[in-house]
Structures are given as C-alpha cells and as structure tokens.
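Values in this document were obtained by computation on a predicted structure and should not be read as measured data.
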Amino acid sequence: MTQYADNITAEIVAEHGITEDEYQIILDRLGRAPNMVELGIFSVMWSEHCSYKSSRAHLGKFPVTGEKVIQGPGENAGVIDIGDGQAAIFKMESHNHPSYIEPYQGAATGVGGILRDVFTMGARPVALMNALRFGAPDHEKTTHLVSGVVAGIGGYGNCVGVPTVGGETNFHEGYNGNILVNAMAVGLADTDKIFYARGAEPGQPIVYVGSKTGRDGIHGATMASAEFDDESEEKRPTVQVGDPFVEKKLIEACLELMATDAIAAIQDMGAAGLTSSSVEMADKGGVGIKLNMDAVPQREVNMTTYEMMLSESQERMLVIMKPGREDVAKAIFEKWELDVAVIGETTDSGRMVLEHKGEIVCDIPIAPLADDAPKYHRPYFAPEVRAQISGKDVAQPLHMGEVLKTLMGSPNMASKAWIYRQYDRHVMADTAASSEDPSDAALVRVHGTNKALAITTDCTPRYCSADPFEGGKQAVAEAWRNITATGADPIAITDCLNFGNPEREEIMGQFVGCVEGMAMACKALDFPVVSGNVSLYNETNGQAIPPTPAVGAVGLLPDMDKRMGYGCLSDGHILLVVGKTVGAMGASLYLKEIEGREDGGAPMVDLAAEKANGDFVRGQIRAGRLTACHDLSDGGLMCAAADMALASGTGIKLAHEAETDVPMHGFLFGEDQARYLVAAKKDDAIALIQDAKAEDIPLQVVGLAGGTSVSVNGAHAVKIDDLRAVHEGWMPALMTPIAEGAE
Amino acid sequence: MKSAVIVFPGSNCDRDAHDAIARVTGENPAMVWHQETELPDGTEFVMIPGGFSYGDYLRCGAMASRSSIMPAVIAHAATGAPVLGVCNGFQILTESGLLPGSLMRNAGLTFVCERTPLSVTNGNTRFTSRYQAETDLIIPIAHHDGNYFADADTLDRMDGEGQVVFRYGQNPNGSARDIAGIVNEQGNVLGMMPHPERAIDAKHGGTDGLALFESLLGSA
Amino acid sequence: MKAKIHVYLKPGVLDPQGAAVAGALRNMGYDEVEDARQGKLIELDLTGENADTAKSRVDEMCQKLLSNPVIESYSIEIA
Amino acid sequence: MKAKIHVYLKPGVLDPQGAAVAGALRNMGYDEVEDARQGKLIELDLTGENADTAKSRVDEMCQKLLSNPVIESYSIEIA
Ligand SMILES: Nc1ncnc2c1ncn2[C@@H]1O[C@H](COP(=O)(O)OP(=O)(O)O)[C@@H](O)[C@H]1O
Ligand SMILES: [Mg+2]
C-alpha cells in the first residue's frame, strides 16, 4: 500500500508529473510520505526541464573540454578564454511552450531568462541571438505567433539595451502546433571575475534580490516538460510576465555587487525559481539550507510556501554572501530600487529546511533532489537510412533564373528584415556585423579592443529529419563554417536540443542520432560544447516537431581589420568554390520548393574535408586574398551567388562545364557540405589556385562578377532587382495584413 | 570641454554617449545619477542618452523628466549652454518642456532599427556647424516612439526659425514633416531620434555622427 | 454609437508599468500612493442602432483582438 | 480610496494605435467600426479619507506626471 500524507492522493502525485516509481524513490529517501510543499519541490526538481532525466545519459557524449574552455556544461553558462585576461560567457535556451501560449510574454521572458544565466556569472551581456521555427506560413496561427514572438524578443532585448545581432527563422508545417523560440545570450567578463553557483559554505547568509515573488508561472517548469493537448490553452494563467526595466537595473546592480568581494555563490531564479536556485547552490557547495519564507519579498497577500517555492516570477536572483557583507548588497540594490532581503542561511545539515509562520513546512535531504534525480535510459531505434538523391535523379528545370527566383523568395530563404528591423542591433556601439550585413556570422567588437566575437546559430531541420546523425553533424559544421567565413577562429558551441516526446522510441532515436552526430563533429572540428539546453515533448496530439538541435557558436576574430564578408564584390572579380561539388539533392531546399518533396538522404558531412577546407579559407582570408566569402548552405551555389550579388549590387556570370557528370541543376542547387563561395581579384585568384593545389584542397572557378544579373553560361539570367523584389517582398507581404493594435 | 552624461534607471546608451564624448573631446564626461540635484562644477555640455528610462512605461521620458536632476539641467540650458538629447533623451527633453512637441508611437506601430538616411537642414547651429547644410548622412535609429508631433503653428514657426535641424530621407516613423531632430529657439538644446554616438567609427555604423560632437567642441 | 472598452491586467499578473508609476509618484512626494495599475481604454465609434447587438459584437472583438485572454480581462460599456 | 484616471489624446492629435485598431477590426469583418481611439486608464490606491483633497492631489499628479498637456487630456474619478 503506497503511503500518502494528509490531503495527498495518487491523483495529486500524478498531476505533479511524478510517476509511481519516482514516488517510491521519494518515500525511500525521506523515510516517510512527503507533504504538499515537499512534493512540489520534488516535482519541479525532477521535471524533465530541471533534471534532464531523459537526456543526461546521452549528453555525456559531447566533448566539453579544450584549451580555451574555462567552464563547460554544469554552470549557468559556458565560459571560454578569448585572450588578454578576458572570457566570453554564453548559453542558448528554449522558451517554446510559453511562447506558443502567449507569444509576446513567452518570448520576452525567454530573453530575460537567458540574459540572467549569463550575467549571473559576472558577464556583461553584449549580444543576443534568436533561432525561431514557426509553422507553415499559411497556417492560421502563424502570423499571430510571428508578430508576438518578434515583438516580445525586441521588447525585452531593446529595453535592457543588449543588441540582438542575428538569428535564424524557419517555417515548416511540422511546427504548426509547437513553435520553437530559442534565445542565446553572449557576455564578456574578466577571467578573474567569474562567478559560480558553487562555492557556498555553511553559515553564510542567503540574500534574495530583484522583483517580488508573485503567483506567476506556478508549475511552469512542469508545464514546459509536458506534451500539449487541445486543452492546453486552459493552462494559460501560468505564463509569466517579464519586466525588462527591472532586468536592466538587476544587471547593473549585480555587476556592481560583483565588483566587490562579497559574493560566495550566485544563481538566477529560472525555471522552478526559488527551489532550483537554492537547491542547486546548496548541492554544488555541499551545504544545507534554511529559509525563512516570511522574509521572501511577496507581491501578493497570503502566499503559501508551496506557491513561493514554485513561483516563476521573473527578474530575481539568489546570492549567498560572505558573512557580514549583507549591507553591501543592501546598499547597492536599494540604490537601484530593487527588493533585497536576507531570507535564510546555509547550514551543515545537508537538508533543505523551510520555515513559514513559525512552522517547519519542509525538511528534506538535498542530495536526492539533485544527484538522485531519476535518469532514464529510454529505449530508442534509429530511423531507416534514406537513399541519396543526386541531380541525375531529378528532372532538369528549363530556366535556372526562374528557379533561383522561387528559392530566394521562399519562406526559409526570403529576407528576414521584417523581423530584425524590430531589434536594436546597434546599442552598445560595438556591432560590426549584424543581421542586415553581408556576414555569415554576427561580429561584435570586444569593447575597447580591435578583436571581435563572431556569433552564429544554425540547424537545418530538413536534414535532421532525413538523417539525425548527419543532420546533427551538419548543424555543428555549418556553424563552424559560418564563423570561418568571417575570418574568425571557431572556439566553442552551446546548443538547444528541441525534440518531441522521448518516451516514443523513434523520437528518442532522433535525439540520440543528433547528439551523436553533433558530438562527432565537435570532436573533429575541435569545437567543444560548453553549455546547452534540452527541450523535449514538443508535440501536440502525437504530432512531433522535426528534430531541431539548434547550435549557437562563438568564435574570435583576432583583428577586425581582417574581417571578411560577402558584400564587396566588384566587376571582374573571379568566383571560385572551395570544396567538392557532387550535387547532393536529397532533403534540399530545391526538392522542397521546386518538386514539392522532402525525401532523400541528408547530404553527407565529410568532417576531414570540412576542417581542411575551412582552415584553408581562413588562411586565405588572413593572407588578404579574398574580396568576398560566403558559406554554401540552403539552396547551394546559385543562392549563395544571389546573396553576394544582392549585397554587392553586382551581377554574377556563373559557368557550368558541360563535360562534368554533375548536371547543371545539381551544380547550382545541390547542397554538398564543406563548401564556400569565394571571390578574388585576378592575381589573387591565381595565387589561390596554386595554394589550393599545393594543399590538395578542391577548388573550382565557377564564374565572374559583373553586370546587373545572375546568369549561367550566358543564359538563365535573372536581374538583381527582380531577385531583390521577391527576396525582400515575401515577409512583409505575409505580415502586413495583420496590423495588431494591441501590443 | 567638460561634459556630463545624465544616467537614469533604464538608460542604456549612457556608455556609448560617454565613449563618443571622450573620443572627440579627449576628456571623460562625468556620469551623473538622476538622484543628484546639481551638475558637476564647470560642466559645459550635458548629454541625455538614449535607452528606456523607467522602462518607457506611462509615456517615454515622462518619469525621467521629473527626476531630481532635471531642474539643474533646465537651469543649465537657460544659461545658453549646450544640451543634447538623443532618442529617449529627446523624449525626456520634450517631456520636460525644453523642446516643443511630443514623440508618439511609430506610425507602423513596431520598433524600428535601421541605418537611416538623414539630411542636415540647418548647418548653422552649434551642433551642426561642421556639417554642410543639406548634406546626406547615414545614422542609425532604434526606437518605438519617434513619431514627432507638434501643432501646425509650432511646426510652421520651427520651420521659419530654422529649428528643424535634421530630416529623414525616408520617413521611418510617421514624424510630422519628416522631422528627425530639432533645436529650441535659442539653438542650444538639440533633441534627435537618430543616434550620432553609434556613428563615430568606420567599423561600426560609419562616422557620420562624428561631426556633431566636433561641432560642439568647436563651438565651446 | 460608442463603445468604451476597459482592458486591464488580471489580478495576480505582474504590472510593471503600474509599479513604475507608483514609484515615480512617491519619489515626487505623493506618499499617499499605495499602488497603481495601468490599463487600456479603447473607444470605438460604431454604426448601427441596436445596443445589444453592438455589445455582443464588441465582446467578440475583445476576445479576438482587443484583449489578451492570457493576462487581461476587459469590460464593455455601450453609450 | 481609489482614483481612476482616464488619459486620452486630444482631438486632432493623430492616434496611430487607434487607427491601427480600427483598421484591424475592419479587416476582421467588423465593418461597423468607424473609428477607434486608444487611451490609458490609471488606477491609484490612495491612503487618506478626504475625497476633495484626494481629487486635487490627483489633479496635480496628472498635470505633473500622468498626462502630457501637449497631446493629452485627462479626467478623474474618485471612488
Ligand atoms: N530571427 C532572427 N533574428 C535576427 N536575425 C535573423 C533572424 N532570422 C534571420 N536573421 C538574419 O537574416 C540573415 C539571413 O539568415 P539565414 O538565411 O539563416 O543566414 P545563413 O543561411 O547565412 O546562416 C542573417 O543575417 C540572420 O542573422
Ligand atoms: Mg551562412
């Protein structure tokens, strides 16, 4: 007979997302039945969101160390060394479910949360990125979700004054019922001023700072891990509201406090707020915790301990201070008009003890909450490998220029200016390249230096659906390539692994495949994973999203004067492709947009070629040989050429050699990996060709810059102006009809 | 030139303003917290930076313009000394009555960030003497409420007196008469939505904002 | 006909604007201000004569566009 | 005591939000919407007992902070 405390039933336990087996573990660890507060605490700590119970077994496959890694996964964000005593701190996180329910606040609080992960560690946030996936453009909810999410991201990031410098946006019917909102934040700190969640010792005061606690988002963490059904709109009141004004003050106040030496450990209150922040610091420091709930700043009357511990009110932090230094925090937070209160202390009991209105309302050991959290080895199977498709298997179109126009005006290729115009990209005055600029990665100067961080987010869900393993490799490789194409050295990545229900074997198979592919690419490219986030159960009524392991990557450009972009093409420049072209068409943009099919295998990623070609390109950039460089990805060579032509206002005459066995459409639109389109003046091109030969790098002359059209073999011409019209026109046409009055 | 940058809770271009001034004048400006009641002794130039003071809640600039430092800024302006408000700073200047009119929600209702073509319509102010009149500039904007409004008489009077200093090439926000920046009647208080402090370096948004700070330095 | 719609935040939903306004008023010396909330007021000019029809149509508009049921409630007055 | 303050744009001041709301409602098929205006409703919780004093203090708050006389008017209700 299972044991229950007063007022608790099997149903209540189930509502907390705790399985019967998990409940038995709780009984075992406590030696008694948990009360409501304790049950709530276990439920959030053991939710998928906080415990990674389905994914942990596989995340260990990622390489997480390296010469430049200061802190890998396990803290609030990853930390890498960028030289001169400075570090870049970054992480990406999902806010998928909340954004579907309330797009503005869901996206806004997603930005707020990821910023806190970064400034908690002592970094001043310097850049934001966002990776968005929406349903089909003509789905009834899409435009409403797009406008809300974009306004929310902008509303928050613009107000806190951190530039949103780039991102990616896909539309696919697979996201109709579950959009993805992944936000990434990057910050800068001095290597000797980094703050951790670990480091607490017994007898230290616990200080609460930021906004007051309300009843927001109670059970948000468990909701974020639950599958949707048609009734989920009913769950709406749990969505929390963000206050970017308070966040901005919190950033300044925390950085001011961090400039003192008063902090022992610090942690933002994210999902599961007060519970997870206090448990994580206690667990990492190996201490116990005692909180006086009466001292918690409260926004509403009569809040219970259960509510306070589970609340997800935003813009709050928990600081464990060195004894006697509470006044330092008080003075700073009062100056910034933020709440500040000593709410407890660390102990040597190894337990979490909560006292409210004179009664002990919770007394549980801390270790099981964190370490003994369930960890599942969920069964899975790998999807069947699909056959490769090459140009020869696909009918040749009549007019390549018309195909190009269709692709450049298609949802995934069309300009996203409608989105990024709503983001302040220039605040902090260090943005050297952002969404609007012809650069494969955003470039953000390290303030006061001539160095820049190169930042990109990438993932091609089409490939991951076709082949999780190759798709996982490709996501990492494309990010590495995008950083390389700017002339920067790729350093490390963060990720956001978005998948369906892991209790389904084929979904778990996608997850494992993607993770293993990513891990392999990270090892081959010396590109370790330093932080990340997993978002599972992205499915509605049994319909899962396409597997979407978003990668956010950071590199370093040592000398801004040697940066490379793809907007400086002029008449007479010679165009060349670095890397081998065989014309892989499986799961390509061409197949989807022109043939209306999504079948075929994903393009194979030859990681050795990826590394060799990338290192070659970077070397040529630094040698000053190139005038333009663009990685080849969606839509292949001709789309990359169109990007260059649009950005430069100069046409391109492409040449396809008839005698090769790659047909013209495979040559133009195939999505073979490890390739770059580069441009060089004639003399430099000759030297480039010689170097490539010497280093055994595949290199092919593919065209010449000039004129006002993009053409192939003197035919198939399409005017740059016509390309611009379709490219820039698609998204405004989609969004204009819904002028929403309400913010 | 001794300068001061006023910092409100929610200001977020204060560092950018500081760096632009330091670069052009060679002297670090004082960063003055909104709760102060006096400017540092000898302050010549005051800049109110952009951002979202008080979150832009209620009305942009409304709460900041009632801060305790503002009487000192108003008194400073009354002596004829130069005061520049950029973006949220412009909103604070109109809210505090130092400049006429008001900045309303953009006509397109969305936040707009872009590098905007501007023309200098009065090159004879102390803020613009280093620009040629009618020169075209590219300076970034980034705002939600930059739609300048004033009644027709005020607009006519400002046009007549040369108080309109910058106009947009392509009106991004619905501003009356394409107004991007104005000075007061005395010509010592300038408010503008575009961000000159984000256009002082060829690697970051160009250098078209430099001449504004150089003009100020030249006129001091 | 005119409809006045008052859109306000549901109780318990954080109201950052209201909190900032209350703080600013107290800073200005209005110590009697304990709390502030900010809502929207939307006025519509409507054709048609029937107040009941108008009210039910406006109710629909509120549900579909004018309010965000996740965080807001509304009330309608027809005059 | 509670004060309800209604802040609205003066006639003649263009109201982009109101215009957009009217346009959106008509796009959704509500052809009866001739025009829309958007204003603010601010509710204050006040200490004190005297409604007249409260009203004159709130009037001051409106003039000093809550409304912008260049573009806005206001009305006050004490309850
Ligand atoms: N959601 C977004 N937020 C900001 N910028 C975006 C977003 N989506 C796309 N962009 C920008 O639009 C440009 C084109 O995006 P994309 O086609 O994905 O680039 P690429 O294929 O070269 O990686 C990039 O500069 C990118 O940063
Ligand atoms: Mg790219």
**Q.** Between CZ on residue Phe52(B) and OH on residue Tyr156(A), distance to nearest 0.5 Å
**A.** 12.5 Å
Q. Between His447(A) and Asp19(B), do the side chains contain an N or O donor and an N or O acceptor separated by less than 3.5 Å?
A. yes
Q: Step through the shown structure and confirm whether more than 12 heavy atoms of other residues, nucleotides or ligands are within 6.0 Å of CG on Asp41(B).
A: no
Q.
Counting only non-hydrogen atoms closer than 4.5 Å, does Ala151(A) touch chain B with its backbone (N, CA, C, O), its side chain (CB onward), both, or neither?
A. neither
Q: State, to 0.1 Å, how close Trp336(A) and Pro9(B) come at their nearest heavy-atom pair, and which atoms those are.
A: CZ3-CA, 4.4 Å
(Q) Please report the interatomic distance CZ(Phe111(B)) to CG(Asp424(A)), rounded to the nearest 0.5 Å. (A) 4.5 Å
Q. Are there more than 12 heavy atoms of other residues, nucleotides or ligands under 6.0 Å from atom NZ of Lys330(A)?
A. no
Q. With respect to chain A, which residue among Arg15(B), Lys203(B), His143(B), His195(B) yields the maximal number of heavy-atom pairs within a distance under 4.5 Å?
A. Arg15(B)
(Q) Quick one: does any side-chain atom of Asn12(B) pair with a main-chain N or O of Cys159(A) as donor and acceptor, under 3.5 Å? (A) yes
Q.
Counting neighbours of CD on Glu38(B) that are heavy atoms of other residues, nucleotides or ligands and sit closer than 6.0 Å, is the number greater than 12?
A. no
Q: For atom NZ of Lys451(A), decide whether the heavy atoms of other residues, nucleotides or ligands shown that lie under 6.0 angstrom number more than 12.
A: yes
**Q.** Largest heavy-atom contact set with chain A, pairs under 4.5 Å, which of Gly10(B), Cys13(B), Gly108(B), Ser53(B)
**A.** Gly10(B)
Q.
With a 4.5 angstrom heavy-atom cut-off, is it the side chain or the backbone of Val162(A) that approaches chain B, or both, or neither?
A. neither
Q | Among the listed options Glu252(A), Gln422(A), Lys248(A), the residue most often paired with chain B at heavy-atom distances under 4.5 Å | A | Gln422(A)
Q: Tell me, for Glu337(A) versus chain B, whether the close heavy atoms (under 4.5 Å) come from the side chain, the backbone, both or neither.
A: side chain
Q. Under a 4.5 Å heavy-atom cut-off, does chain A meet the side chain of Asp201(B), its backbone, both or neither?
A. side chain
Q. From His426(A) NE2 over to Ile141(B) CD1, what is the distance, rounded to the nearest 0.5 angstrom?
A. 10.5 Å
(Q) Does Arg198(B) form a side chain to side chain contact (heavy atoms under 4.5 Å, CB included) with Thr431(A)? I'd like the steps, not just the answer. (A) CA-CA 9 Å; Arg198(B) 297 185 187 181; Thr431(A) 304; over 6 Å; no
**Q.** Euclidean distance, Arg425(A) CZ relative to Arg115(B) CZ, rounded to 0.5 Å
**A.** 7.5 Å
Q. Do the non-hydrogen side-chain atoms of His204(B) and Met560(A) ever get within less than 4.5 Å of each other?
A. yes
Q: Would you please name every residue forming a ring-ring contact (aromatic ring centres under 6.0 Å, His included) with Tyr54(B), sequence neighbours left out?
A: Phe245(A)
